[in-house]
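Take a look at the structure set out below.
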Amino acid sequence: MRIIREFFQIIAGNRNISILYFLLLPVFWIGSMSLVLRETQQLYLEYSRSDLLLLSFNEGGFSGIVFVFLILCFIMYLFRFDFLPVVLIRQKSKRSIWISQIGKATLSSFSISIYSTGVLWLYAILFSSIDNNWNSYNSIFTDELKFSLEVPMSIWKVVLAFFVSMFFYVLSMSIFYLLIRWLFHKEIIGCIAVLVYILYCSYGSHFLNYINNCTVTYESFVEPTRLLWPLLAPLLWIGVLLGAGALLANRAEFYSAGKK
Amino acid sequence: MYIELKDVEKTIRGVTVLQGINVRFEAGRVYGLKGKNGCGKTMLMRLICGLIRPTHGTVDINGEILGKEISFPRSIGALIENPAFIDGYTGFKNLQILASIQGKIGDEEIRDALRKVGLDPDDKRKYRKYSLGMKQRLGIACAFMEHPEIVVLDEPINALDDKGVELVHDILHDLKEKGTLVIIACHDQEEMEQLADEIYLMGEGKITGHELVEGKGRSVSSEEGA
């Protein structure tokens with residue numbers, strides 16, 4: 001247990017590990033996506049840039065544990081000093097601390113989403129020359145849904161869906177981490193809770209899986225309601241987490257604040 | 001400015017760490033908290049800082065109830081347990097970041113505070129390279145740099161050399177002159193008597209005695225008849 005705690009403490013306070021996240025992310029994604037593509041190519045299907053973006057959601061390990069762990073390193077680094085007494089006592093109120101942390105989480109989620117979308121977009125440009133081929137007979141889309149579109153889908157719709165889903169996914173993870181830290185004041189509990197939460201959300205069929213997975217699939221683009229729900233559901237979930245935090249904030253106590 | 005604790009009790013997971021605390025602290029005086037490890041000094045300081053809430057009783061800071069009307073005292077500087085700052089920044093940069101939260105002071109006041117504790121504001125060393133004594137000095141500077149009305153210092157002379165202890169004496173004297181309410185915790189009886197105007201003795205979460213230290217003459221009162 002001590003080794004695990006120290007491991008997380010090193011991650012939380014280490015800027016280099018946080019930077020490593022940004023370097024590892026493209027390597028991790030490109031590696032996992034290349035494996036997926038190799039399998040796809042064996043089926044003689046054509047893949048477009050839109051497919052690359054979507055595959056990264058569903059098969060490229062977007063919500064996988066490695067990705068979550070990398071994001072977690074960044075989140076821990078971001079909030080590592082927020083619970084120090086010297087910082088706390090300078091705030092107007094406990095609720096204002098919660099609000100400013102949410103602001104920070106939102107900005108960082110936005111940055112992570114921009115960066116991730118950028119990395120994947122670059123990757124898509126390098127590995128495919130077609131923006132969208134969902135009207136083609138031998139596209140992955142047609143193979144999946146057993147029919148093709150009359151006109152190709154705008155790639156910007158896919159990019160936007162990817163960006164928004166990514167944003168909500170990272171934001172809900174950050175807020176959940178913060179909520180646990182407000183409750184227990186220990187980084188290690190926050191980390192383990194997020195990992196368990198994400199694993200629980202990713203596997204099996206239950207409420208959290210449904211609202212937190214943020215998965216945009218081919219079907220989502222055919223039926224608008226199926227595109228809307230994966231985007232709206234996390235928003236509702238974030239709303240619940242925010243409300244819980246706001247209620248909790250005023251009653252929070254900081255016993256071990258200051259012990260990094 | 002005053003702090004008044006009435007019937008304060010604090011229980012954590014079934015263990016009573018503070019009980020029956022009735023005490024009033026006034027501006028312009030230095031109060032000392034003395035007692036063995038685990039007697040509740042740090043808990044009492046955390047309570048005054050608003051970091052924890054009393055299970056029972058109230059903490060009144062100049063007419064406002066802590067935890068109800070205000071989350072934290074409006075004007076407070078504190079050094080509780082070990083000073084903790086950002087490892088990768090210089091002492092000056094650390095204080096600059098903290099000062100930016102309230103925006104009450106500028107760079108010159110930060111430089112002054114650092115000079116007062118014997119640190120060089122232009123020192124390029126990062127906090128992680130600081131010695132224990134330097135870290136302690138930075139923690140003290142952080143506590144008083146914004147000219148707060150209340151200053152809470154937990155073991156301020158820990159890890160300080162003689163010169164550092166002298167500086168703490170001077171700083172506390174200055175704060176007192178300016179009408180600041182200062183609360184310190186210290187193990188060393190001799191130092192405590194030199195630093196504080198009044199000493200509260202603590203044991204098992206209770207205030208067990210009160211010593212008035214004025215001009216080296218002192219009166220002593222204690223629940224245990226000391």
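Computation of the quantities below employed the complete heavy-atom set of this structure, encompassing side-chain atoms and omitting hydrogens, waters and symmetry-equivalent molecules. Here is the naming used below: chain letters follow the sequence lines, and residue numbers restart at 1 for every chain.
Of the charged side-chain nitrogens involved, none lies within less than 4.0 Å of a carboxylate oxygen, so that A:E253 and B:R53 do not count as a salt-bridged pair.
Taking the six-membered ring where the residue is Trp, the centroids of A:F81 and B:Y89 are separated by 6.0 Å or more.
For the atom pair CD1 (B:I76) and CD1 (B:I48), the distance works out to 7.5 Å, reported to the nearest 0.5 Å. Atoms CG and OG, from A:L78 and A:S108 in turn, are 4.5 Å apart once rounded to the nearest 0.5 Å. Here OG of A:S174 is found 12.0 Å from CG of A:L179. Values are rounded to the nearest 0.5 Å. Taking CG of A:L178 as the start and CG of A:L183 as the end, the distance is 11.0 Å to the nearest 0.5 Å. A distance of 15.0 Å separates CG of A:L241 from OH of A:Y177, quoted to the nearest 0.5 Å. Summarising the geometry, atom CD belonging to B:E9 is positioned 10.5 Å from atom NZ belonging to B:K206; distances are rounded to the nearest 0.5 Å.
Put simply, the side chain of B:M202 does not reach to within 4.5 Å of the side chain of B:K34, judged on heavy atoms. You'll find the side chain of B:T42 stays beyond 4.5 Å of the side chain of B:L44, heavy atoms only. Looking at heavy atoms from C-beta onward, A:M76 lies in side-chain contact with A:C191 at the 4.5 angstrom threshold. Within the 4.5 Å cutoff, no side-chain heavy atoms of B:V17 are placed close to those of B:T11.
Interface with chain A: from residues 125-142 of chain B, residues B:C142 qualify, criterion being any non-hydrogen pair under 4.5 Å. When the heavy atoms of residues 144-155 of chain B are compared with those of chain A, the residues falling under 4.5 Å are B:M145, B:E146, listed by number. By a heavy-atom distance cut of under 4.5 Å, B:L98, B:I101, B:Q102 are the residues of residues 91-116 of chain B near chain A, going up by number. Listed by sequence position, A:Q91, A:K92, A:S93, A:K94, A:I97 are the residues of residues 91-107 of chain A in contact with chain B, using a 4.5 angstrom heavy-atom cutoff.
No hydrogens or angles considered: a donor-acceptor pair under 3.5 Å links the side chains of B:H169 and B:E191.
Contact of B:I70 with chain A is not made at all, since no heavy-atom distance falls under 4.5 Å. Interface remark: B:K10 contributes side-chain atoms only to the contact with chain A (heavy atom separation under 4.5 Å).
Of all the heavy atoms in A:S113 and A:T117, the pair that sits closest is O-OG1, 2.5 Å. Scanning both residues, B:N62 and B:M1, for their nearest heavy atoms gives OD1-CA, 3.3 Å.
Using bins of under 30°, 30° to 60° and over 60° for the plane-to-plane angle, the ring pair A:F110/A:F163 lands in the perpendicular bin.
A donor-acceptor distance shorter than 3.5 angstrom exists from the side chain of B:D197 to the backbone of B:V30, with no hydrogens or angles considered.
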